Amino acid sequence: MTEQAEKSEKNRYKDTVLLPKTDFPMKAGLQQREPELQKHWAETRLYERIRAARKGAPAWVLHDGPPYANGDAHTGTGMNKTLKDMVVKFRTMQGFDSPYVPGWDCHGLPIEHNVLKDLGGKKPDNMTSVRLRELCLDYANSYVDKQRAQFKTLGVLGRWEDPYLTTSPVYEANVLRVFADLFARGFITRAKRPVHWSWAAQSALAEAELEYEDRTDPSVYVRFPVSSCGKDCKFRDHVEALPEAGSIWDTLALLIWTTTPWTLPANVAVAASESAEYVLVAYRRAGGEKLEHLVVAGELLKTVSEKARLRDVRVLKTFAGVDLKGVGYNHPFLDTACPVVFADYVTLSDGTGLVHTAPGHGKEDFETGRREKLPVVCPVDEAGRFFTGERLRKELQLAPTFEDSRGWLEMLQGQNVLKANPLIVEKLRAEGWLLHDEPVHHSYPHCWRTHQPVIFRVTEQWFIRIDHVDPDRAFNPQGKTLRQRLLDEIARTQWFPAWGEKRISAMIENRPDWCISRQRFWGIPIPAFADAQSGEVCLDASTLEHVIGVVEQHGSNAWYDDRNWPVEKLLPDDVRPKQFKGRKLVKMNDIFDVWFESGASHRSVMLADPELRDKFPAGMYLEGDDQHRGWFQVSLILSVATQGRSPFKQCLTSAFVVDEKGEKGSKSKGNIWAIDKGCADLGADLIRYYFASVNTSEPIPVTYALIQGAGEGYRKLRNTFRALVGNLFDFDPARDAVAYDRLLPLDRWALSQTARVIAEVTAAWERYEFHAAMRALGDFANVTLSAQYVDVCKDRLYCESATGLSRRSAQTAYWIIADVLTRLLAPVLVHSVEDMWRHLPRVAGSPDSPHLAAWPKAEAKVDAELDARFELFFKLKAETDRVLDRMRKDKQIGKGYDATVALAPDETLAGELTALGKPEALAAELAEVLNVSGVSIGPGGAGFEAAQALKGLSLRVSVCDRPACARCYRRTGDVGGVSAHATLCKRCAGVVGDRA
RNA sequence: GCGCCGGUAGCUCAGCUGGUUAGAGCACACGCCUGAUAAGCGUGAGGUCGGCGGUUCGAGUCCGCCCCGGCGCACCA
């Protein structure tokens, strides 16, 4: 036959071949399609319809951790919302009632900071606090609106029109109720303690608000002159026993070391180790001839003398630290008499073994000071400056007789502490106290907002007592401390990844009491009053209840609105404790730590919102793993203390978003972008697909290039679905679906594989290992479907009788698989699955959106016997494919139908094959699977080659020169058997019949 | 300093309680098909499983030490 004749024969039968047909586009056009679908969801009220459909079902609530209402929603927050949406959609499809109420954290320093910046750095004198707070509220609300719009572009479904805001009066009132409960149970205390203090933000900071950054500080070695020795002082005996005792006393000093010279004015003691070994040494300074003496830890003498380049160093006496008991020294520039004390934290890893102790500026120092009854000196104001004038003298607790003859006070007053560092060092040097100084690099806590170093400062603050034992036995039957109860609850909670439990446990085990007060405007006031004269604090259950009522009605602005809410109205006599009736009171100025607010969301949202209040505790909290020390921890503390249990049953964390270099995202580096822009440029589904595909428990690189790269995987899934649905153009499941028992073995195998994937994907989702689910789906689409199943089914679907069993059988499997694929992808590819769903033939009564559909169940479709059968077949295929490829490269054949295959199994393999079917049928089935024109099974011989991976097999592939069927291209050997269709094989002639 | 996690093909990762020749996807090379077509199929190349030592008949898998990366905690007086 000529080439042209061949062509015309093909054309003659072209229309009888049932080629795939679908409008489902290969190209997603996400950028255009997604906004359309989002609009459609809004118009058809999809979220509300889901709520209605799940009404009364078991609840499974993911409680939203509120993002901060400031700045753009970027990749990190976008990922967080995406993961939450995936979990919510998964649980919804599983049949749970899973409402999603998003929230925003609207109070706090950063907003106040930005508003003040717009006002020129500080509150104008003529502006009321209420006005400032209104500006802050406007600012926060504008970002709520902005971020809400940004999150919606990701296709996240939720109660966007009615979110929770920490600024709403109801929210605020419930925060106060948490405080009232804590107060009633005895957890609240007001005390003077050292706290981390940001002088730049002028506020106390919580642990979670610290960031450690590298910094260079002066490291100084300072001589503190020994001035006295108590009566039974062993050290005195040591000195007196030496012949040169007299001259020693004149030049003797304790050598201390510090990297914060600015704390030296607050020095009140030197701490030594009782057990360490100290030495009394004589030496000369690098540039001097005078003999001097000092005390230092023996182990550190060498380092110190080398650093300070001391000469003629001679150890006069070695003794135990405890012998220093009773030694006193004179503060080098304030002349106060100070003692040597002992502390077990004194180590010999750095410094001199003699620790400069300033209880006003260090936590351990403070504890030592309390134990040793040392004065607490804290001469630094809230802005990090030394006090001035009389106030400075007072704070330094100087003797009235002290004369500032050397100009120390003059120099320090009003000085920022960090700027004071070099001044102090230079003056110490000039006066001869300094033995050595050098710059030291170390990590140092910084304020997370201002990025300025923080200082320790003793102030009066409100605290939650972590080791308090709630006396209410109904609530705390075993009389445990809050800390212990927190650890108990942590153990009862499921943590994903599992190491989260260790992490948060360690934090709870070690954490100090929680300082909940802040000295700012933009927050919820701690509703305490004080006597205008004495400062005595007025606070009890009834004052709290009354103020809470006012706040719930009028918002927390009432506290700041002195005109409308003077103290007499805010706290009328009849709600005051007896002793405060009629007295002049003032409102106290502290606000709550914002972490207290967001940590109270279990009360303000989960237990207060009409839609959620019967669903406490939440099924899950899901945030970045930094929230172990943030929101998770504070939520846990407040809920365990006031509700007696963890506010969440599961806690899932993700790692941080980084750039391709592994660096943390930041706006200034430009490696972070607004999520709505990402959606517009790349498509929300692609971004979602990427987030679902990566291991979120390790730092997650997010760049355009990486997300675009993930497009391969997305397109493969899409095209595989398209291949399936393209073959369902004439399939109506109600009419054409074939019962499972009548399905062809290959189709039942495909369903068995599908069942396995459902099980695997579901298990991965239950562990929240989304990337494992996406991998399973990717492998399923790539290998099981695309390379194996779909390829083998083509002949049946294209060429068999349209309504015959073998075609309908394949279509039935295709339909089920396409449906399962759509559902398994629904939580991730939220937009794409809508289009998939629309192109999928559906039975009457099925929902109009996949998000209303049910999660697939594996049921009992796994068939191990079939799986084994086809596993063997596909192994045979791998062997023949290798040989076929060689022949293609030799230009002997083109497509597989140009060849036939002879298989020569050894005895064992032959036995296996025999068990799988009668020789005739088996050969035909294998020809189909191998995509060749014929298979024979028999003994081997010349031209056979050994298989590579399959034991016991030899095979021979031959060029098949039988004529090809013009319709199905197979060279079956029976072409022309039907005279009306001389160019067709018998099968095709039968199918075509009279039609062509 | 202590602890946790990770280090398997160019990239992203699978490899459960130790057991035949270490796998997959992407990318790459070559080829086929042109009836999934800005698709699809096949074949191939590519790995001292971070390094060293040990236990074992046998180690990517267990143990010890070390190196690298990330994180947490502590210290930073």
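Atoms considered below: every heavy atom in the structure, side chains included; atoms not considered: hydrogens, waters and symmetry mates. Small disclaimer: the values here were computed from a predicted structure and weren't measured. To find a chain, count down the sequence lines: A is the first, B the second, and so on, and within it residues start at 1.
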Expressed in whole Å, how much space separates the P atoms belonging to C41(B) and A27(B)?
12 Å
Would you say the ring centers of Y969(A) and Y897(A) fall short of 6.0 Å from each other?
no
P gap between G60(B) and G51(B), integer Å:
11 Å
Look at the side chain of M26(A) and decide which nucleotide, out of A39(B), G70(B), A14(B), has an atom nearest to it.
A39(B)
Nucleotide N/O to protein N/O under 3.5 Å, stretch nucleotides 7-10 of chain B:
none

Is a salt bridge present between K794(A) and E928(A), judged by a nitrogen-to-oxygen distance below 4.0 Å?
no
Residues two or more places apart in sequence or in another chain: which of them pass side-chain hydrogen bond (donor to acceptor under 3.5 Å, both in side chains) with R722(A)?
none
Only pairs at least two apart or in different chains count here, so list each side chain to side chain donor-acceptor pair (under 3.5 Å) that has a residue in residues 501-511 of chain A.
R511(A)-Q633(A)
Does K502(A) or A723(A) map to a spot on RNA chain B nearer the 5' end, using the closest nucleotide for each?
K502(A)
I'd like the P distance from G25(B) over to G42(B), given in whole Å.
9 Å
What residues form a side-chain hydrogen bond (donor to acceptor under 3.5 Å, both in side chains) with E760(A), not counting sequence neighbours?
none
Expressed in angstrom and rounded to an integer, what is the separation of I893(A) atom CD1 from G31(B) atom P?
15 Å
Please answer whether the main-chain N or O of W262(A) pairs with a side-chain N or O of T260(A) as donor and acceptor at a distance below 3.5 Å.
no
Report, one pair per line, the protein and nucleotides 25-29 of chain B atoms (nitrogen or oxygen only) whose separation is under 3.5 Å.
none

Whole Å only: how far is the OH atom of Y714(A) from the C1' atom of U12(B)?
21 Å
Counting only side-chain heavy atoms from C-beta out, which of U20(B), G35(B), U43(B) sits nearest to K951(A)?
U20(B)
Among all residues two or more places apart in sequence or in another chain, which pass the side chain to side chain contact (heavy atoms under 4.5 Å, CB included) test with D437(A)?
V220(A), V425(A), R429(A), L434(A)
Students often get this wrong, so: under 4.0 angstrom with heavy atoms, is T260(A) touching a base, only sugar-phosphate, or nothing?
sugar-phosphate
Expressed as a whole number of angstroms, how long is the span from M887(A):CE to C32(B):C1'?
13 Å
Provide the distance between the two C1' atoms, one in C62(B) and one in C71(B), to the nearest whole Å.
26 Å
H628(A) NE2 - C71(B) C1' separation (whole Å):
12 Å
Taking CG from D881(A) and P from G31(B), how many angstroms apart are they, rounded to a whole number?
18 Å
Between D906(A) (side chain only) and T908(A) (backbone N and O only), is there a donor and an acceptor less than 3.5 Å apart?
yes
Exam field: side chain D365(A) to backbone P359(A), donor-acceptor pair closer than 3.5 Å:
no
On the 0 to 90° scale, with breaks at 30° and 60°, tag the Y714(A)-Y689(A) ring pair as parallel, tilted or perpendicular.
perpendicular
Give me the distance, rounded to whole Å, that separates U48(B) from G1(B) when you measure between the C1' atoms they each carry.
34 Å
Contact class for A787(A) (heavy atom, under 4.0 Å): base, sugar-phosphate, or nothing?
sugar-phosphate
Return the set of residues passing ring-ring contact (aromatic ring centres under 6.0 Å, His included) with F729(A) (not counting sequence neighbours), or none when no residue passes.
none
Mind checking side chain to side chain contact (heavy atoms under 4.5 Å, CB included) for P25(A) and listing every partner two or more places apart, or none if nothing turns up?
R718(A)
Using modelled atom types only, decide if a donor and an acceptor are shared between the side chain of Q811(A) and the backbone of N727(A) within a distance under 3.5 Å.
yes
P atoms of G7(B) and G46(B), separation to the nearest Å
24 Å
What orientation do F456(A) and H196(A) show, parallel under 30°, tilted 30 to 60°, or perpendicular over 60°?
tilted
Choosing from C76(B), A39(B), G35(B), which nucleotide comes nearest the side chain of P445(A)?
C76(B)
Using whole Å, what does the distance between atom P of nucleotide G72(B) and atom CZ of F656(A) come to?
9 Å
Closest nucleotide among G31(B), C71(B), A36(B) to the V790(A) side chain:
A36(B)
Name the nucleic acid region contacted by R718(A), choosing base, sugar-phosphate or nothing; use a 4.0 angstrom heavy-atom cut-off, strictly under.
nothing
Quick one: is Y13(A) getting a side-chain N or O under 4.0 Å of the G35(B) phosphate, OP1 or OP2?
no
For E372(A), the side chain to side chain contact (heavy atoms under 4.5 Å, CB included) test, sequence neighbours excluded, returns V341(A), T368(A), L374(A)
Quote, to the nearest angstrom, the C1' distance that separates A45(B) from G6(B).
29 Å
Do S786(A) side-chain and A36(B) base share a donor-acceptor contact under 3.5 Å?
yes
Output the rounded distance in Å from CD (Q811(A)) to C1' (A36(B)).
15 Å
Nearest of C73(B), C33(B), G35(B) to any side-chain atom of K895(A)?
C33(B)
Not counting sequence neighbours, which residues clear side-chain hydrogen bond (donor to acceptor under 3.5 Å, both in side chains) with S219(A)? List them please.
W257(A)
Sticking with atom P, work out how far C26(B) lies from G40(B), rounded to a whole angstrom.
9 Å
Write down the distance between CG (D625(A)) and C1' (G6(B)), rounded to a whole number of angstrom.
14 Å
Writing each nucleotide of RNA chain B 5' to 3' as (, ), [, ], | or . by Watson-Crick or G-U pairing under 3.5 Å yields (((((((..((((.....[...)))).(((((.......))))).....(((((..]....))))))))))))....
Can you list, in residue-number order, the parts of residues 360-371 of chain A that come under 4.0 Å of RNA chain B, counting heavy atoms only?
E364(A), D365(A)
So if I take every side-chain heavy atom of C799(A) and compare against G35(B), C41(B), A39(B), which nucleotide ends up nearest?
G35(B)
Tell me which of K891(A) and E698(A) sits closer to the 5' end of RNA chain B, going by the nucleotide each one is nearest to.
E698(A)
Centres of the Y814(A) and F721(A) rings: under 6.0 Å?
no
Hey, does the side chain of R888(A) come within less than 4.0 Å of C33(B)'s phosphate (OP1/OP2), counting only N and O?
no
Look at all strands and tell whether G726(A) reaches a base, only sugar-phosphate, or nothing, counting heavy atoms closer than 4.0 Å.
nothing
